[in-house]
Amino acid sequence: MKKLLIAKPALFSFDECLWFLNRNYDDCLHHIEPGSLSKAICINGENIAFSLRDQDQHLVLDLTHGGEDVAQQEALVQYIIEWFDLERDITPFYQLLQKNKTLGYMANDFAGFRLIGIHDLYEALCWSIIGQQINLTFAYTLKRRLVEHYGDHLSVNGLSLHIFPRPEVLQHVSIAELRALQFSERKAEYLLLVSQLFAAGTISKQHLLQCASYEEQVALLTAIRGIGIWTANYALMKTLKQLQAIPYGDVGLLNALLNHELIKDKKDNAGIDKLFKRFKGWESYLVFYLWRSLSVVKRDL
DNA sequence: ATCCAGGGGTCAC
DNA sequence: GTGACCCATGGA
């Protein structure tokens with residue numbers, strides 16, 4: 001079995017990332033076991049499966065299905081690097097955290113936690129549309145139904161590793177079919193529209209990368225029906241790792257800020273602005289760490 | 001039973 | 001530009 005090594009940067013904890021990926025939810029797009037994860041993705045048209053584990057100064061990537069050629073292996077390594085944001089020096093963020101009386105504890109409690117991405121823009125947009133205005137448990141249920149009905153999968157070591165459906169497939173699904181899976185009429189409409197746009201090549205990650213500014217990227221996304229300011233920022237944060245992205249209006253973010261008594265109420269926009277101003281350039285990391293703090297509360301209850 | 005959930009569109013003003 | 005209203009459904 002082909003084995004690839006990926007060097008671990010400073011301020012990185014695989015366990016911390018792994019724990020977040022596993023949280024309390026049932027994510028169908030990866031399988032977690034203590035100390036390792038398994039996943040399947042499509043690279044250059046081929047479905048590949050791998051597992052990832054922590055070993056001393058490296059992450060060890062074991063290819064468990066496909067990926068024989070070197071170009072695919074390089075792409076896979078790059079995928080992991082982007083997924084866990086391994087090339088970023090996050091010490092400036094930690095310095096900002098440690099200066100903050102309320103949030104400083106995170107530098108210790110969540111040490112080495114990284115902004116975990118979603119490489120595929122289409123998947124990120126679909127996932128955020130699914131997650132709009134419903135609780136996360138149900139959102140993961142809906143995602144699983146979508147993936148199991150319309151996505152590929154690889155069977156490896158007794159595990160069924162699912163791959164997010166391609167837009168070319170989803171664009172031809174009917175609203176009635178999605179309604180039967182308990183998607184709301186609106187979510188079904190939005191998902192089909194986004195699928196059509198991606199299948200037709202009207203929108204892509206490449207289009208976003210060609211934008212001159214962050215504002216332009218937001219405008220490009222929010223021009224699409226079903227994608228508002230929250231969804232656009234979520235996708236830019238997860239897919240492009242645009243660190244100035246703040247998913248405004250996010251219920252989880254607001255609850256985390258309330259838990260830490262950093263805002264008076266959910267309409268305290270001034271309080272929010274004041275906090276994020278201190279984390280200029282690291283806004284997304286702050287959001288991600290605040291989301292991480294929600295899981296702590298949930299776990300401790 | 002009741003309120004809320006990692007929102008967004010629409011429409012009145 | 002702002003705010004009220006609707007959507008839909010499961011979780012707690």
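Naming: A, B, ... by sequence-line order, numbering from 1 per chain.
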What orientation do A/F84 and A/F14 show, parallel under 30°, tilted 30 to 60°, or perpendicular over 60°?
perpendicular

Evaluate the ring planes of A/F50 and A/Y79, with Trp represented by its six-membered ring, and classify them as parallel (under 30°), tilted (30 to 60°) or perpendicular (over 60°).
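Rings of A/F50 and A/Y79: perpendicular, as their planes differ by over 60°.
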
Expected output is a numbered-order residue list: members of residues 242-252 of chain A with a heavy atom under 4.0 Å from any atom of DNA chain B. What is it?
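Residues of residues 242-252 of chain A under 4.0 Å from DNA chain B: A/G249, A/D250, A/V251, A/G252.
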
Could you tell me whether [X] contacts a base, only the sugar-phosphate backbone, or nothing, with contacts defined as non-hydrogen atoms closer than 4.0 Å?
{"X": "A/I224", "value": "sugar-phosphate"}
{"X": "A/I227", "value": "sugar-phosphate"}
{"X": "A/R145", "value": "nothing"}
{"X": "A/S128", "value": "nothing"}

Walk along nucleotides 2-9 of chain C from 5' to 3' and tag each nucleotide B, S or - by protein heavy-atom contact under 4.0 Å, base first, then sugar-phosphate.
------SS

Integer-rounded Å distance: [N] [atom2] and [X] [atom1]:
{"X": "A/L294", "N": "B/dC4", "atom1": "CG", "atom2": "P", "result": "17 Å"}
{"X": "A/N269", "N": "C/dG1", "atom1": "CG", "atom2": "P", "result": "16 Å"}
{"X": "A/L254", "N": "B/dC4", "atom1": "CG", "atom2": "P", "result": "14 Å"}
{"X": "A/Q132", "N": "B/dA5", "atom1": "CD", "atom2": "C1'", "result": "12 Å"}
{"X": "A/W230", "N": "B/dA5", "atom1": "CH2", "atom2": "C1'", "result": "11 Å"}
{"X": "A/L136", "N": "C/dA12", "atom1": "CG", "atom2": "P", "result": "11 Å"}
{"X": "A/I130", "N": "C/dG10", "atom1": "CD1", "atom2": "P", "result": "15 Å"}
{"X": "A/I229", "N": "C/dG1", "atom1": "CD1", "atom2": "C1'", "result": "14 Å"}

Checking A/N233 against A/Y214: is there a side-chain donor and acceptor pair closer than 3.5 Å?
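The criterion, which ignores hydrogens and geometry beyond distance, is satisfied for A/N233 and A/Y214.
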
Cut-off 3.5 Å, side chains only: do A/T231 and A/Q132 have a donor facing an acceptor?
yes

Closest-nucleotide ordering on DNA chain B, the 5'-leading residue of A/K266 and A/T222
A/K266

NE2 on A/H260 to CG on A/L275, rounded to 0.5 Å
10.5 Å

Give, for atom OG of A/S195 and atom NE2 of A/H172, the distance between the pair rounded to the nearest 0.5 Å.
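Spacing of OG (A/S195) from NE2 (A/H172) equals 10.0 Å.
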
If the cut-off is 4.0 Å, is [X] near the phosphate of [N], judged by side-chain N/O to OP1 or OP2?
{"X": "A/T137", "N": "B/dA5", "value": "no"}
{"X": "A/N255", "N": "B/dA5", "value": "yes"}
{"X": "A/K187", "N": "B/dG9", "value": "no"}

Using a 3.5 Å distance criterion without hydrogens, assess whether the side chain of A/K241 forms a donor-acceptor pair with backbone atoms of A/L115.
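It does hold such a pair.
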
So is A/R23 actually on top of A/F20's ring, under 6.0 Å and inside 45° of the axis?
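Yes, A/R23 lies over the aromatic ring of A/F20.
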
Between A/D89 and A/T91, is a side chain to side chain donor-acceptor pair (under 3.5 Å) present by the stated rule, with each step listed?
CA-CA 6 Å; A/D89 175 11; A/T91 49; 2.7 Å; yes

Given the P atoms of B/dC11 and C/dA8, what is the spacing between them in whole Å?
15 Å

Other hydrophobic cluster members with A/V60, side-chain heavy atoms of Ile/Leu/Val/Met/Phe/Trp/Tyr under 4.5 Å, chained?
A/L5

